[in-house]
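Down below is the structure, laid out as structure tokens.
Here is how names work: the chains are called A, B, and so on, in the same order as the sequence lines, proteins then strands, and each is numbered from 1. If you're wondering where the values come from, they're calculated on a predicted model, not measured in any experiment.
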There are 2 protein chains.
Amino acid sequence: MITKKTKYALKALSYLATRPAGELVLISELAKEESVPRKFLEAILVALRKGGVLKSKIGKGGGYMLALPADKISIGKIVSILEGGFALVECLNDNVKAVCDECGDPACCGTRLVMIDVKKAIDSVFEATSLADMVERSSAAQKLKQNVVDYCI
Amino acid sequence: MITKKTKYALKALSYLATRPAGELVLISELAKEESVPRKFLEAILVALRKGGVLKSKIGKGGGYMLALPADKISIGKIVSILEGGFALVECLNDNVKAVCDECGDPACCGTRLVMIDVKKAIDSVFEATSLADMVERSSAAQKLKQNVVDYCI
DNA sequence: TTATTACCTATAAATTCTATAGGCGATAAA
DNA sequence: TTTATCGCCTATAGAATTTATAGGTAATAA
């Protein structure tokens with residue numbers, strides 16, 4: 001299960017992706033438009049910046065913008081930054097050497113072996129899907145819905 | 001991320017899968033052999049029984065056994081019972097009508113649309129893998145390891 | 001110099017996960 | 001019928017994580 005952190009991040013990034021490239025957006029605007037607690041969002045944005053997904057500028061006229069084009073930012077990258085990876089067991093996440101307490105021997109752990117496959121499956125979707133894809137799919141769904149509504153009227 | 005509940009369940013079920021079919025195993029034996037807190041395991045086993053994966057017998061000579069052959073029990077089923085599903089967002093889990101607080105319209109939620117694909121990917125692995133597969137892979141890994149050790153000696 | 005804005009640290013509140021305790025009810029055997 | 005066994009149930013405590021807030025700091029532009 002992804003946490004609110006990640007959900008908020010995806011919302012904020014989606015918002016930024018719909019803005020003209022290079023435009024700086026205030027934290028307060030992001031928080032308001034996407035209904036995310038201001039201070040909580042702050043921490044999320046810092047993480048995304050440190051993760052290389054966002055750029056920021058301090059001071060008057062400052063704000064946040066995407067560090068890359070939206071089609072070069074994978075959903076997997078975003079999730080990784082905020083969740084510390086997306087494996088279903090800790091021992092398969094990046095930069096984790098530690099082994100589960102429950103696990104005698106990682107090499108023979110059945111759970112781990114299965115979760116390796118699961119991680120690969122998740123990974124392939126996450127890497128194949130960009131922020132741009134997500135935004136597009138969302139707006140396509142919205143458009144479709146409006147057409148249906150128009151048709152009904 | 002799966003919780004310890006699920007990890008413990010997989011360990012206990014693996015243990016049962018290696019026992020002769022129909023043999024009843026005590027909770028205390030499962031707890032001891034798989035190093036799971038006894039009382040915690042109890043609750044897990046009850047959930048698995050209610051989920052149709054285990055059968056139990058009360059009283060002297062009682063215990064637990066698999067309700068189905070191990071190759072008819074999918075990992076997905078087990079995870080579902082203990083985690084309430086394995087979608088990365090609540091709104092995609094079974095029996096959940098509620099929508100995320102963060103989500104205006106589920107039909108157009110970009111996050112949701114992406115997570116549908118992810119859920120499908122996870123599902124395909126989970127449904128394709130049985131408890132028997134997991135146990136076999138684990139013991140194959142163990143065997144391989146011992147051969148390597150033998151070779152070294 | 002001043003207003004603005006992101007950045008950082010600390011902490012509190014809420015929720016979920018993990019673990020334990022104790023007694024109840026069913027069962028088999030003596 | 002009694003007794004020891006064993007799973008079942010409820011309640012609760014402890015721990016960890018997630019979510020949210022507060023307040024001050026440092027950089028920037030006008």
Each residue besides M65(B) in its hydrophobic cluster should be listed here, by chain and number; the cluster joins Ile, Leu, Val, Met, Phe, Trp and Tyr at side-chain heavy-atom distances under 4.5 Å. L24(B)
Answer yes or no: does a side-chain N or O of R49(A) lie under 4.0 Å from OP1 or OP2 of dC8(C)? yes
Atom-pair distance (NZ on K4(A); P on dA14(C)), nearest Å: 13 Å
Quickly work out the R38(B) CZ to dC9(D) C1' distance and round it to whole Å. 13 Å
Hey, is the side chain of Y8(A) poking within less than 4.0 Å of OP1 or OP2 on dA20(D), counting only N and O atoms? yes
Using whole Å, report how far CD1 of I2(A) lies from P of dT19(D). 10 Å
Reckon L26(A) touches a base, only the sugar-phosphate, or nothing at all at heavy-atom distances under 4.0 Å? sugar-phosphate
Using atom CG of L30(B) as one end and atom P of dC6(D) as the other, report the distance to the nearest whole Å. 13 Å
Are E29(B) and K32(B) ion-paired here, with the side-chain N under 4.0 Å from a carboxylate O? no
When the distance from CG of L41(B) to P of dG7(D) is rounded to whole Å, what number comes out? 10 Å
Verify the contact: side-chain N or O of T3(B) to OP1 or OP2 of dT18(C), cut-off strictly under 4.0 Å; return yes or no. yes
Using a cut-off of strictly less than 4.0 Å between a heavy atom of the residue and any atom of DNA chain C, enumerate the qualifying residues of residues 16-24 of chain B by number. none
To the nearest angstrom, the CZ-P distance between F40(A) and dA22(D) comes to 15 Å
Counterpart residues, side-chain contact (heavy atoms from CB on, under 4.5 Å), relative to T3(A) (two or more places apart): K5(A), T6(A), E83(A)
Send over the distance from L45(B) CG to dC9(D) C1', rounded to a whole Å. 14 Å
Using a cut-off of under 3.5 Å, enumerate the N/O to N/O pairs linking the protein to nucleotides 24-30 of chain D.
from, atom 1, to, atom 2, distance (Å)
dA29(D), OP1, K57(A), NZ, 3.4

Considering residues at least two apart in sequence or located in another chain, which fulfil the ring pair (Phe, Tyr, Trp, His ring centres under 6.0 Å) criterion with Y15(A)? none
Heavy-atom nearest nucleotide on DNA chain D for I27(B) versus E83(A): which residue maps closer to 5'? I27(B)
Can you pull out every side-chain hydrogen bond (donor to acceptor under 3.5 Å, both in side chains) where at least one residue sits in residues 104-114 of chain A? Sequence neighbours excluded, please. D105(A)-K145(B)
Within the 4.0 Å heavy-atom criterion, would you say K55(B) contacts the bases, only the backbone, or no part of the nucleic acid? nothing
